[in-house]
2 protein chains.
Amino acid sequence: MARPLAFDPDEKLHQAMMLFWQRGYEATSLKDLVETLDINRFSLYNTFGDKQSLFLKVVERYEQKVFGHLLSSLEGPEQGRDSLLQYFGALLAGLNEQSGVRGCFLQNTLLDGGVRDPRVRVRIQQVFSRLRAALLHQVKVALQRGEIDGLLPSMTSSAAPTPTPAETRAEAVADYLLLQVQGFIALAGLGLMMQANNALLVLRQQLADD
Amino acid sequence: MARPLAFDPDEKLHQAMMLFWQRGYEATSLKDLVETLDINRFSLYNTFGDKQSLFLKVVERYEQKVFGHLLSSLEGPEQGRDSLLQYFGALLAGLNEQSGVRGCFLQNTLLDGGVRDPRVRVRIQQVFSRLRAALLHQVKVALQRGEIDGLLPSMTSSAAPTPTPAETRAEAVADYLLLQVQGFIALAGLGLMMQANNALLVLRQQLADD
DNA sequence: CCCATTGTTGACCGATTGTTTAGAAACCAC
DNA sequence: GTGGTTTCTAAACAATCGGTCAACAATGGG
């Protein structure tokens, strides 16, 4: 009943993400967006709203496509340690195959103080909460099965003066793994992939049987 | 012989750092700088050069004052594991006492694609190299003394099929610790200090005797 | 005191920022 | 085709960007 769009919005959203990813929010101008997305200035406003709204849509797309796919192993069936190992393997694989130095789009965005839109900030906080919950879920399973006892030598030992509650222990391990995740993508963002791969070797051994 | 400056350059540099720290490079305008530093636009140019040069000076000041002080325990005498524990303690103490969510100025800057000045980027790379070298130094000492064998269960076991060279092992451990550092300051930057403190408990136990 | 030297000031530059407007062009149901 | 609706295009908007200028103020050695 009316004129259809001359472009694929999702494709343009992807291109916008790549641009924001490697330049940051403030350093990416409307001119840059119009040129690389190859659509008119006003068409951009008409389909995505203003710059902040566009950025929010980009963040949501990233969460669905990239983050959601990566978390599939953690949010799937309760496989304990195996799902953890699978997740870190997929994470490092993704970081290794990045052409330029980028790291994680969401981490970069949140650490970049330039993005002040509260909608964006709370959205990303929610994503990290989702990651922590997924980690915690599989950690609980793995701890119950005794798969990752090597990670917490004294906490798991019954000789501890005050035995730590299982819930507290699981949260400590989950937060420890959350730190590993942030560490990996930070190193990747800093261009230190070799060091990241080295560190993965150590983590793998910690998670391995003995 | 001439008119003296009406302000303390180092103090202004500090104020500029705080501004860049929580807003990012691109999001901090000359107007912002002039207003919060409370000096005239041209005086700023006259003493620090243009915006990029000012930022570079800020980075160098941060390395000297903040980073240098933090690394003192690692670059001091060869205390092995003790210096490592001391460093992480000081790091977390610093992150904990940060009022707002900031993380590390250098990490934020490098992950923020907005800073494209190559002088700044290589400078920060050098700082992280310095950190890695300092970690590696103390790790070698600690490994030789057998202080941190709990960190690498199978790699240190003589039963390994192909025994890992000491140099490789030390580098793996150093990179692992470098990842912990980046993970801690990333979590702090994301506003997840509770999780960071939780993770520190696990790391402390890994480094502890048993 | 004088004067060379340096810091300070506010106005100003062209360029670019994000955003909006008015009108032409393209589509589909009828 | 035509009507009604939506996209597209080019131009322009006010505001702000980083950076510069000449004139004035302040200093201390002579």
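To find a chain, count down the sequence lines: A is the first, B the second, and so on, and within it residues start at 1. Fair warning: this is a prediction, and the values are worked out from it, not measured in the lab.
- Nucleotide C/dG7 holds its P atom 17 Å from the CG atom of B/L37, rounded to whole Å.
- Nucleotide D/dT20 holds its C1' atom 17 Å from the NZ atom of B/K51, rounded to whole Å.
- At least one donor-acceptor pair under 3.5 Å links the side chain of B/Q180 to the backbone N or O of B/Y176.
- Crowding of B/E97 atom CD: a count of heavy atoms from other residues, nucleotides or ligands under 6.0 Å not exceeding 12.
- Under the rule for a side-chain contact (heavy atoms from CB on, under 4.5 Å), the partners of A/E75 that lie at least two apart in sequence or sit in another chain are A/L71, A/R130, A/A134.
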How does protein reach along nucleotides 9-15 of chain D, written 5' to 3' as B (base within reach of a heavy atom under 4.0 Å), S (only sugar-phosphate), or - (no contact)? BB-----
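- If you measure from atom CG of B/L30 to atom C1' of C/dT17, you get 15 Å, rounded to the nearest angstrom.
- Although no hydrogens or angles enter the test, the distance criterion places a donor-acceptor pair under 3.5 Å between the side chain of B/R121 and the main chain of B/V115.
- The interatomic distance linking B/D38 (CG) with C/dT8 (P) rounds to 11 Å, in whole Å.
- In this structure, B/Y25 places its OH atom 12 Å from C1' of D/dC17, rounding to the nearest Å.
- Rounding to whole angstrom units, CZ of residue A/F7 and C1' of D/dT7 are separated by 9 Å.
- Following rounding to the nearest Å, A/K12 (NZ) and D/dC8 (C1') show an atom-to-atom distance of 14 Å.
- The existence of a salt bridge linking A/D10 and A/K65 is confirmed by a sub-4.0 Å separation between a basic side-chain nitrogen and an acidic carboxylate oxygen.
- In this structure, CG of B/L33 is placed 16 Å from P of D/dT16, rounded to the nearest angstrom.
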Report the C-alpha distance between A/E78 and A/Q138 in whole Å, list the side-chain angles of each, state the deciding distance to 0.1 Å, and finish with yes or no for side-chain hydrogen bond (donor to acceptor under 3.5 Å, both in side chains). CA-CA 6 Å; A/E78 303 182 345; A/Q138 300 289 356; over 6 Å; no
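- Relative to the side chain of A/S29, the nucleotides C/dT17, C/dT19, D/dG18 differ in distance, and C/dT17 lies closest.
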